[in-house]
Number of protein chains: 2
Amino acid sequence: MTTTTRTTGLRPEDIVEVAHRLISEHGLAEFSMRKLAAELDVNPMTIYLRFDNKEALLDAVARHGLARVRLPPLPVGAPWPDRAVALCEALRRHLVADRNLLPLYASDGRMSNAVVQSVEQGLALMEEIGYRGDGAVLAFRSIFWHTVGFALVDQSVERFPANGPGGLGDLVEIDESTHPNFHRHLSSFTTVDGDHLFSHTTRLLVAGLYGDAARSMEPT
Amino acid sequence: MTTTTRTTGLRPEDIVEVAHRLISEHGLAEFSMRKLAAELDVNPMTIYLRFDNKEALLDAVARHGLARVRLPPLPVGAPWPDRAVALCEALRRHLVADRNLLPLYASDGRMSNAVVQSVEQGLALMEEIGYRGDGAVLAFRSIFWHTVGFALVDQSVERFPANGPGGLGDLVEIDESTHPNFHRHLSSFTTVDGDHLFSHTTRLLVAGLYGDAARSMEPT
DNA sequence: ACCTGAACACCGTTCAAGT
DNA sequence: ACCTGAACACCGTTCAAGT
């Protein structure tokens, strides 16, 4: 009869799952190997028997989180631009779903798994309006990285100073003489709504893609 | 006659400048208050007499770095889309000029100062094609945050796996039956060229902006 | 063979003690 | 008044010692 100690039953998946939860709850900056061990009620060094180091563990946590991404089916029958925007918005929703996980996914090129979920639908969309081969991949990459970029920008946008007390005007000198345009539009510099700005910008980019495809199919 | 000790002569600007250099040379992750003190040949605690904490110092370093951004004049006489793209590319060049500084600028909403340099030219461009008031600000924000987003994405893009040994195919299962589009385009998934992808995508977005402005000026 | 306590080389920051 | 050494509460990681 063999006795199993507590740590023998500790599977790598359990470590990854608890790490994922801790990062989700308290953020990547707060996360440490020692806190993870405490949460698992285990000696800190036991984790090093399963993972080479913190980096390797974080890689596993990122893979675990990104593998869960499932994009919803796109609206059938809708006009092409609407479906392209819907794909971007679905991808965005997954990326910004948990603000604490995004910094983990974004660093050190861990975005790989997210792409696979969207690439099938994305390439099909591009072929639908006439993009072929390398052109289809380039078109898809445009909206994919645009979406990832806006997700990364979200935290900056959130804290971006608006017009008003303690806002833009206090940060920088906005003189009517040196910055006439800025000065005249100052009242329009309200707090940025990340979702709205993303939707708007994505619609413009998709319109550009759509027009470009139509133009390249014209007889020369 | 007053004697000045070494540290008395230590101005906050000197601290900021050396911190900027250290981050530029070795990256934000490597930077520490103790290493900075050693480089300044000063007791680590002396820095705390000038700055409340590390966060406040990094804020000052970011402001110092972003204040240097000077956008070149846009090409006069060129078509509108070319000038809009040129503005984005100039902004991008400054953001990605020093890869080690970008993580500093991007975190904790420190992007404020960069905007002021580009907002004057950006708003003028938007008014030129008919955008007014809030619409002009929204249009400017679209290309500004698009540019910042792509700069942030750059490090991810750089390490993004291409097709080939150790690349995409090894990371995820790309079956002909489950991912027919992906499988057929696999050879097009070469290493991403960040600059090229940015130029291409920005051109599309700018085309979208241009078309949108033209459309909204049509008589209804 | 499998686990772990102590130790090492680092952090940011506080504060009492020095000049 | 101005500076600093020692100390505190943390890190990630190594490795000799235990069972």
Side-chain angles (χ1 to χ4, degrees), chain A residues 1-64 100 103-104 107-108 110, chain B residues 1-64 100 103-104 107-108 110:
Chain A
M1 177 188 163
T2 57
T3 55
T4 46
T5 69
R6 189 180 57 249
T7 48
T8 301
L10 186 74
R11 288 152 27 217
E13 306 94 89
D14 298 330
I15 300 177
V16 165
E17 213 143 298
V18 172
H20 185 102
R21 181 168 56 75
L22 284 181
I23 294 170
S24 169
E25 283 171 5
H26 307 112
L28 185 59
E30 282 285 309
F31 178 78
S32 80
M33 298 296 265
R34 294 170 115 109
K35 284 180 187 164
L36 173 60
E39 186 75 15
L40 287 164
D41 196 18
V42 132
N43 184 287
M45 300 315 118
T46 310
I47 300 172
Y48 283 88
L49 297 173
R50 310 283 192 280
F51 297 94
D52 278 356
N53 47 38
K54 192 183 184 182
E55 176 75 8
L57 171 63
L58 290 180
D59 277 345
V61 176
R63 259 198 305 281
H64 169 260
N100 283 334
L104 173 70
S107 57
D108 302 318
R110 296 197 184 101
Chain B
M1 176 186 164
T2 57
T3 56
T4 46
T5 68
R6 189 181 58 251
T7 49
T8 301
L10 187 73
R11 290 154 24 222
E13 307 94 88
D14 299 329
I15 300 177
V16 164
E17 212 143 300
V18 173
H20 183 102
R21 182 169 56 75
L22 284 181
I23 294 171
S24 168
E25 282 171 6
H26 307 112
L28 184 59
E30 282 285 310
F31 177 79
S32 80
M33 298 296 268
R34 294 170 115 111
K35 284 180 187 164
L36 173 60
E39 186 75 16
L40 287 163
D41 197 17
V42 132
N43 184 287
M45 300 314 116
T46 310
I47 300 172
Y48 284 88
L49 298 173
R50 309 283 191 279
F51 297 94
D52 277 357
N53 47 39
K54 192 182 185 183
E55 176 75 10
L57 170 64
L58 291 180
D59 277 345
V61 176
R63 258 197 305 282
H64 169 260
N100 283 335
L104 174 70
S107 56
D108 303 317
R110 296 196 186 102

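Just so you know, these numbers use all the heavy atoms, side chains as well, and skip hydrogens, waters and symmetry mates. Lettering follows sequence order; numbering is per chain, from 1.
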Looking at side-chain heavy atoms only, is the closest gap between A/T46 and A/L40 below 4.5 Å?
no
Considering only heavy atoms from C-beta outward, does the side chain of A/E25 approach that of A/E30 to under 4.5 Å?
no
So, OP1 or OP2 of D/dC3: does either fall under 4.0 Å of a side-chain N or O from B/T46?
no
Kindly say if A/K35 contacts the phosphate of D/dC11, meaning a side-chain N or O under 4.0 Å from OP1 or OP2.
yes
Can you tell me how far [atom2] of [N] sits from [atom1] of [X], to the nearest Å?
{"X": "B/I47", "N": "D/dC2", "atom1": "CD1", "atom2": "P", "value": "18 Å"}
{"X": "A/L22", "N": "D/dC11", "atom1": "CG", "atom2": "C1'", "value": "16 Å"}
{"X": "A/E55", "N": "D/dT13", "atom1": "CD", "atom2": "P", "value": "9 Å"}
{"X": "A/M33", "N": "D/dT14", "atom1": "CE", "atom2": "P", "value": "10 Å"}
{"X": "A/R50", "N": "D/dG12", "atom1": "CZ", "atom2": "P", "value": "18 Å"}
{"X": "B/M45", "N": "C/dC11", "atom1": "CE", "atom2": "C1'", "value": "11 Å"}
{"X": "B/R34", "N": "C/dG12", "atom1": "CZ", "atom2": "P", "value": "7 Å"}
{"X": "A/K54", "N": "C/dC10", "atom1": "NZ", "atom2": "C1'", "value": "13 Å"}

Checking side-chain contact (heavy atoms from CB on, under 4.5 Å) between A/L36 and each of A/V42, A/L22, A/I23, which is the one that passes?
A/L22
Side chain to side chain contact (heavy atoms under 4.5 Å, CB included) partners of A/H64, counting only residues at least two apart:
A/V16, A/E17, A/H20, A/R68
Taking side chain to side chain contact (heavy atoms under 4.5 Å, CB included) as the test, write out the residues that go with B/R34, two or more places apart.
B/S32
Could you provide the dot-bracket string of DNA chain C, using ( ) for intrastrand pairs, [ ] for crossing pairs and | for bases paired to another strand, with Watson-Crick or G-U pairs below 3.5 Å?
||.|||||...|||||.||
Test: B/R110 and B/E55 ion pair at under 4.0 Å
yes
